[in-house]
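These notes are about the structure you will find just below.
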There are 2 protein chains.
Amino acid sequence: MSRASETAYEKIRNFILQGEAQPGMQLTEEKLSDIAGVSRTPVRDAVQRLENELLLVRSASKRLSVANWSDGEIDEMFTLRAMLERHAAERAAKRMDADSLDQLREINGVLKSAVNRSEPDIGAFLNANRQFHDLILNCAQSPRLSKLLPALVEQPVVRRTAHQYSVKDLAQSGKDHDELIAAFAAQDENWAGAIMTSHIRRAFHTFSETTNNGGKR
Amino acid sequence: MSRASETAYEKIRNFILQGEAQPGMQLTEEKLSDIAGVSRTPVRDAVQRLENELLLVRSASKRLSVANWSDGEIDEMFTLRAMLERHAAERAAKRMDADSLDQLREINGVLKSAVNRSEPDIGAFLNANRQFHDLILNCAQSPRLSKLLPALVEQPVVRRTAHQYSVKDLAQSGKDHDELIAAFAAQDENWAGAIMTSHIRRAFHTFSETTNNGGKR
DNA sequence: TCACTTCCTATTGTATACAATTACCAAAGG
DNA sequence: CCTTTGGTAATTGTATACAATAGGAAGTGA
């Protein structure tokens, strides 16, 4: 995307995710253009994107506010994400080529080395994890899916959990990826789909525990 | 949404769906603002929405063009739609109240009366059908789902099939709705989900036949 | 005190002018 | 004949001014 529009998106997004904005907080386009340092025009572009990702919501009278997720809605989000990522994994398993497999292995290596050290590097972990899932999504070769999924991934979760992962959770993620790679190598779509499903379920479980929302499904 | 922005959305959408625009055709924001009769500002809003629905696509250099779906992509769209609508039906089955049930019955009545006449009223049928599915989506009470699904429904299909439905297909749709209503009344989520899945599959099959794309899955 | 009306203000929506980017084409050089 | 390079026109991106609309506070009457 264009420069101002993109920086607006990123700055507003960080503003929301990294704690400066309270859920439910009212915002105006002008405040956001101050934050982003650009005029309202690109801000409006960014806002529309963030509305699609449901990070921002508009009241009946067009007023903007920061989304405020209920536990039930977060649960639902993980459920949908599990459905769609499973589907992506299934498609990817049928379409995976040797090059992509190698890349997956490499990314997974980075991910593990970020975890296997005295002080795990959460940033590097999250980054590699994202790359891993993005690559699978690409291999699925579905433009629709590529539009739908990113709006579901990560966002409302990052702020609350980024510094709360346990080493055990991080290690489990690496193991899941190992299994996924094996499933892709075997071109076994059912296996890949099943692993992906439980992978996301685990992510939800981790989320529920670290945020003490009861972990009910 | 706002007036100009909304009319722009509708006019451009009609322009695409009702045959004036060829798939792959290049467009400019200025042409679109001529079509819509408003300035570029609201047009850009509308374009962003239509990009999300994948009716418009942007080339690497930001040029706009009308989407051109391959058979495989349309297939994929129906698959995703089936997944999400099934999920919506399952949730709706657990949350359906007496009022909504009555409304569903009423809408279904309208739908059938649009079909059971010497000259079926396709417009009325499509309208009632849409209302039916929208109501189910509302009952599912999932903001995420309500964002994701509408971008998948109907669009790239309407133009090619609107006047091609057979009376048999239309009648089958009414029967599916009967079964869905029964499943909702019984609050049987598995039943509702199963019916919805085959309902969408049938829609895809009908689509494939009437467009002679081979109907391969 | 409560409801209702009426302003004023804050906020969003739209148009337009201008800046920046990109494509297109023609001319030059190999 | 092909490729490259420059310039120009077309197109998208951004800022700003203004219009329209919604919210809220102050005032009025019962």
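Because only heavy atoms are used, hydrogens play no part in the values below, and waters and symmetry mates are left out as well, while side chains stay in. Chain letters run A, B, ... following the sequence lines, proteins first and then strands; every chain starts at 1.
At least one donor-acceptor pair under 3.5 Å links the side chain of A:R91 to the backbone N or O of A:Q141.
Rounded to an integer number of Å, the gap from CD of B:Q48 to C1' of D:dG13 is 13 Å. Atom P of nucleotide C:dT14 and atom CG of A:D45 are separated by 14 Å, given to the nearest angstrom. Atom CD in B:E51 sits about 14 Å away from atom C1' in D:dG13, given to the nearest Å. The separation between B:L64 atom CG and C:dA23 atom P is 14 Å, rounded to whole Å.
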Quick test: give all pairs of protein nitrogen or oxygen and nucleotides 20-24 of chain D nitrogen or oxygen below 3.5 Å, distance rounded to 0.1 Å.
| unit_1 | atom_1 | unit_2 | atom_2 | d |
| --- | --- | --- | --- | --- |
| D:dG23 | OP1 | A:S61 | OG | 2.7 |

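With values rounded to the nearest 0.5 angstrom, A:T197 atom OG1 is found 12.0 Å from A:H87 atom NE2.
The side chain to side chain contact (heavy atoms under 4.5 Å, CB included) check on A:R40 picks up A:E29, A:S33, A:R44, with sequence neighbours excluded.
Taking the six-membered ring for Trp and thresholds of 30 and 60 degrees, B:H177 and B:H133 have ring planes more than 60 degrees apart, a perpendicular arrangement.
Comparing atom distances between the A:R44 side chain and each of C:dA15, C:dG13, D:dT14 picks out C:dG13 as nearest. Of the candidates C:dT16, C:dT12, D:dT14, C:dT12 carries the atom nearest the A:R40 side chain, counting heavy atoms from C-beta on.
Salt bridge status for B:E90 with B:K94: absent, with no side-chain N to carboxylate O gap under 4.0 Å.
Scanning all heavy atoms of the two residues, the minimum distance from A:P42 to A:A8 falls at O-CB, 4.3 Å.
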Apply side chain to side chain donor-acceptor pair (under 3.5 Å) to the pair A:Q48 and A:Y9, showing each step before the final yes or no.
-> CA-CA 10 Å; A:Q48 200 178 337; A:Y9 172 77; over 6 Å; no
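Residues from residues 25-33 of chain B placing a heavy atom under 4.0 Å of any atom in DNA chain D, listed by number, are B:L27, B:T28, B:E29.
The side-chain heavy atoms of A:D134 and A:R130, taken from C-beta on, include a pair separated by under 4.5 Å.
Listed pair B:S39 / C:dA15 meets the phosphate criterion, a side-chain N or O lying under 4.0 Å from OP1 or OP2.
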